[in-house]
Amino acid sequence: MDDKLHGIPRVDLETRPRWKRDLAWWFGGKVLATARASAIWRKIAMPYEVPLIKATGGRARLSVGIPIAVLTSTGARSGKTRQTALAYFTDGDDVVLIASNYGQARHPGWYHNLRAHPECELYVGRRGGRFVAREVDGPQRDRLYALAASRLYPGWVAYEKRAEGVRRIPVLRLTPADP
């Protein structure tokens with residue numbers, strides 16, 4: 001099995017060392033799981049994540065200990081190109097994204113974009129490619145979400161509790177498009 005999917009490094013959570021998850025948790029994940037801190041991060045730090053990643057070719061970023069890719073999608077209503085830095089992992093030959101939006105009451109904009117226009121691009125640094133997104137549900141969604149919350153970023157447990165009764169946090173699989 002190749003160690004990349006269209007240039008995206010594989011992140012297999014089944015074999016990911018625990019210290020990598022703990023690194024993300026101790027470098028701010030525990031704090032960022034709170035509603036106030038995640039709101040501050042979302043408004044102040046996240047607008048700089050994509051420009052920083054692009055300017056450094058992926059060598060520098062604000063998020064520590066979590067694999068980050070830049071999603072390029074088409075705006076659901078505007079039709080404009082949108083870029084968002086997102087945590088990801090891989091499952092088989094797909095990239096998986098969690099549409100947590102920090103546990104807010106609404107789905108993130110990029111989720112609506114992918115629902116309206118599933119064709120997208122995903123990059124880590126200067127490497128990446130085209131993908132097609134689809135939402136997963138049922139036992140597959142539950143398995144992927146539990147895996148992400150236990151092995152990638154434990155803050156997703158707090159986000160899920162915050163969103164409980166308001167919305168179910170979506171999980172999306174991005175399949176590489178034909179070259």
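- What you find for A163 and Q104 is that their closest heavy atoms are CB-O, 4.3 Å.
- Not one N or O on the side chain of R61 forms a donor-acceptor pair closer than 3.5 Å with the backbone of P67.
- Here the closest heavy-atom approach between residue L144 and residue V136 is recorded as CD1-CG2, 4.1 Å.
- For the pair K80 and N113, the minimum side-chain heavy-atom distance is 4.5 Å or more.
- Here the straight-line distance linking atom CH2 of W110 with atom OG1 of T84 works out to 8.0 Å at 0.5 Å rounding.
- Between A85 and V50, the shortest heavy-atom contact is N-CG2, 3.4 Å.
- Partner of C120 under the side chain to side chain contact (heavy atoms under 4.5 Å, CB included) criterion, out of T74, T72, L114, L97: L114 alone.
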Q: Apply salt bridge (charged side-chain N to carboxylate O under 4.0 Å, His left out) to the pair R168 and D137, showing each step before the final yes or no.
A: CA-CA 10 Å; R168 183 169 177 116; D137 55 11; over 6 Å; no
Q | Evaluation steps, side chain to side chain contact (heavy atoms under 4.5 Å, CB included), between I68 and Y88 | A | CA-CA 6 Å; I68 299 290; Y88 79 93; 5.7 Å; no
Q: Start with the C-alpha distance between T90 and V96, add both sets of side-chain angles, then the distance that settles side chain to side chain contact (heavy atoms under 4.5 Å, CB included), and finish with yes or no.
A: CA-CA 6 Å; T90 56; V96 179; over 6 Å; no
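- Using modelled atom types and a 3.5 Å distance limit, the side chains of W156 and S100 yield a donor-acceptor pair.
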Q) Given the rule in the side chain to side chain contact (heavy atoms under 4.5 Å, CB included) test, do D91 and R173 qualify, once you have shown the distances and angles that lead to the verdict? A) CA-CA 9 Å; D91 185 59; R173 290 184 85 93; 2.9 Å; yes
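- E14 places a side-chain heavy atom less than 4.5 Å from the side chain of L147.
- Shown here are the side chain to side chain donor-acceptor pair (under 3.5 Å) partners of E160, two or more places apart in sequence or in another chain: there are none.
- Listed by chain and number, the residues in a salt bridge (charged side-chain N to carboxylate O under 4.0 Å, His left out) with R82 amount to none (sequence neighbours excluded).
- Nearest approach of G125 to I53, heavy atoms of both residues: N-CG2, 4.4 Å.
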Q: Report the C-alpha separation of D94 and R134 in whole Å, then their side-chain angles, then the decisive distance to 0.1 Å, and conclude whether the side chain to side chain contact (heavy atoms under 4.5 Å, CB included) test is met.
A: CA-CA 10 Å; D94 293 333; R134 67 180 168 81; 4.0 Å; yes
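- Relative ring orientation between Y159 and Y153 is described as tilted, the plane-to-plane angle lying within the 30° to 60° band.
- In this structure, the separation between CZ on R126 and CZ on R59 is 6.0 Å, given to the nearest 0.5 Å.
- In this structure, the separation between CG on L174 and OG on S73 is 10.0 Å, given to the nearest 0.5 Å.
- Considering CD of E49 and CG of L86, their distance stands at 10.0 Å, rounded to 0.5 Å.
- The neighbour count for K161 NZ, taken as heavy atoms of other residues, nucleotides or ligands under 6.0 Å away, does not exceed 12.
- The shortest non-hydrogen separation linking A149 to V157 is CB-CG2, 3.8 Å.
- For the residue pair H6 and R130, no side-chain donor N or O sits within less than 3.5 Å of a side-chain acceptor on the partner.
- Here the closest heavy-atom approach between residue R167 and residue P108 is recorded as NH1-CD, 4.4 Å.
- Here the OH atom belonging to Y111 is positioned 3.5 Å from the CD atom belonging to E135, to the nearest 0.5 angstrom.
- Salt bridge status for D93 with R10: present, with a side-chain N to carboxylate O gap under 4.0 Å.
- Y123 does not carry R127 over the face of its six-membered ring by the limits of under 6.0 Å from the centre and within 45° of the normal.
- Atom CZ of R106 is surrounded by 12 or fewer heavy atoms from other residues, nucleotides or ligands within 6.0 Å.
- A distance of 8.5 Å separates CG in L172 from CD1 in I98, rounded to the nearest 0.5 Å.
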